[in-house]
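The block underneath contains the structure these notes are about, expressed in structure tokens.
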Amino acid sequence: MSEPLVLGFETSCDETGVGLVRGQTLLSDALATSMAEHERFGGVVPEIASRAHLEAMVPTVHRALAEAGVHASDVDAVAVTAGPGLTGALLVGLAAAKAYALALGKPLYGVNHLAAHVAVDELQHGRLAEPSMALLVSGGHSSLLLVPDLAREVQSLGRTIDDAAGEAFDKVARVLGLPFPGGPPIDRAAREGDPAAIDFPRGLTGPRDAPYDFSFSGLKTAVARWVEARQRAGEPVPVADVAASFQEAVADVLTRKAVRACKDHGVDHLVLGGGVAANSRLRALAEERCARAGIVLRVPSPRLCTDNGAMVAALGSRLVAAGVAPSAPDIGADSSLPIDVVTR
Amino acid sequence: MLVLALDTATPTLVAGLARWSPDGGPEVLAERTVPSGNRHAELLTVAVTEVLAEAGRAVTDLDAVVTGLGPGPFTGLRVGVVTAAALADARGVPAVGVCSLDAVGSGARTVVTDARRKEVYWAAYGADGARTDGPGVVRPEELAVQGPVVGDPRFAERLGAPVTPADVTTAGLLRAAAAQLVDPSALSSTTHPALVPLYLRRPDAVPPTSFKPATSA
Ligand SMILES: [Zn+2]
């Protein structure tokens, strides 16, 4: 008998993702995004995202099935992001997933979005070493997780106490007159700049600070002040140097804390995930520091780092394989679902 | 034909199963009306399972799905619409969308439901039950009421007219869908028509000042 076919739904933010996974094999990863509609607002507008999810839902399912070359009736289980995320957006995916599960007569797994970011790496690099450390950074989250058992136990070691790392990229991009979302343009601009040009602050890195928590609000403000001071003085803003120095500060703090968490907990595998994991400097610095510390670094391809349906299917597949009980029929969405809840 | 009817345009979700024929109209086999507030996503598929069980039918027996497209509060409304679209798609049967107000009361009337923000959703109907005006969203004081008013009685005072309490019903949803159900072969099951909610309002296009839902995890 072949391994179970899992259909995964992701709608926690602006991406409508539907993916199909058989065992640990990625079959399809269909995506629709409303990002272009949010650009002029400089951030994701929840109601616009929710409307777009509804419009895109059935067509995206069709694309996922067609890409995978399977029929809906072949599906063995359905998985869906139950949180954390934007409530209205989550509810569209949850309701759709429940309906497909009911109509196909298959079990439903409501899963944690963050755990799914970790699970997706199994589609590219095989079974996760357990325990692993996971560093998840995006516009919505910045979390350091200890993963003793991906199907049953994930612990939060640290998280941002203010802005998510991706948010800081967006805000700094705005200050520098670069487009939204800010990650890619800052990455590009930084290539021409000197990362040591400006010594921006490293948040929460003092001896008495929480060792695994992050703070990017102070950094963002420092960049804005630095740029304003230049502008007030009538001097040109060295965009490349500001971008490179800002990016260096973010990558430095993230990788320093992740490597320290690995050492403190005796863990020798680190997984990166989330949209910011596509940042070239973060990847390079993580590789460098992990190599020095004897840690195996696993980074999914950029396409799988950002939100998608395959990551949810990947976690669902893991849950099926582990014999975890499906969710109750009256499962709801939870915008602030805690990470220790892998499935609910 | 066996039709599943859903509506989540009001705080009371409706899930009903009915036999429908062009001559006989709807014959309701089972119905759940659940005062679920903002818990539509949790309770709707549960209610669907219950009506199927009560009528002794399986989800594979369905020939069509009818859903209210609102108007209604957006988040709850989308739950019913996407559920109908997904159920119909998975079963390969047509999905039919109707104006939810059409499914409240019958005959000549003005229907009003709660649109929040001190406004009502409304529509007016002639003696034959066909919609003659609306749907719209308006402050109740500004609504020119035609005929008897049915719907949410909490607006009687501000409308200056008595309101007979009435809700969306399974029979009402099927009656509203009658024209589209008459020839189900005309409704293609493979490229089934997009179900677009009757939002009537533009999105509040203000991004959250700080979007970090996951950081509280
Ligand atoms: Zn994410």
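These numbers were taken from a predicted model, which means no experiment stands behind them. So you know, we letter chains A, B, ... as the sequences are listed, proteins then strands, and number each from 1.
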* To do: Name the region of A:Ile331, side chain, backbone, both or neither, that has any atom closer than 4.5 Å to a heavy atom of chain B.
  => backbone
* For the pair B:Asn38 (side chain) and B:Gly76 (backbone), establish whether a donor and an acceptor sit closer than 3.5 Å, ignoring hydrogens and angles. => no
* For B:Tyr121, all residues meeting ring-ring contact (aromatic ring centres under 6.0 Å, His included), sequence neighbours excluded -> none
* Can you list the residues that meet the side chain to side chain contact (heavy atoms under 4.5 Å, CB included) rule with A:Ala52, with sequence neighbours excluded? -> A:Ser34, A:Glu37
* To do: For B:Arg131, look at atom CZ and say whether over 12 heavy atoms of other residues, nucleotides or ligands are found less than 6.0 Å away.
  => yes
* Asked: Donor-acceptor pair, B:Asp63 side chain versus B:Leu2 backbone, under 3.5 Å?
  -> yes
* Asked: Is there any residue in residues 16-29 of chain B with a non-hydrogen atom under 4.5 Å from a non-hydrogen atom of chain A, and which ones are they?
  -> none
* Give me the contact list for residues 45-62 of chain B versus chain A, heavy atoms only, anything under 4.5 Å, ordered by residue number. => B:Thr45, B:Val46, B:Val48, B:Thr49, B:Val59
* What residue in B:Thr75, B:Leu44, B:Val196, B:Thr83 has the most heavy-atom pairs under 4.5 Å with chain A? -> B:Thr83
* To do: Please determine, among A:Ala72, A:Gly88, A:Pro329, the option with the most heavy-atom pairs under 4.5 Å with chain B.
  => A:Pro329
* To do: Check the angle between the aromatic planes of A:His117 and A:His141 and answer parallel, tilted or perpendicular using the 30° and 60° thresholds.
  => perpendicular
* Main-chain N/O of A:Gly93 paired to A:Thr11 side chain as donor or acceptor, under 3.5 Å -> yes
* Asked: Judged by atom type as modelled, is there a donor-acceptor pair below 3.5 Å linking the side chain of A:Ser142 to the main-chain atoms of A:Ala164?
  -> no
* Asked: Taking atom CZ of B:Arg116 as the centre, does the number of heavy atoms from other residues, nucleotides or ligands within less than 6.0 Å exceed 12?
  -> no
* Would you say B:Thr10's side chain and B:Thr12's backbone share a donor-acceptor pair under 3.5 angstrom? -> yes
* To do: Could you tell me whether the side chain of A:Lys98 and the main chain of B:Ala41 form a donor-acceptor pair under 3.5 Å?
  => yes
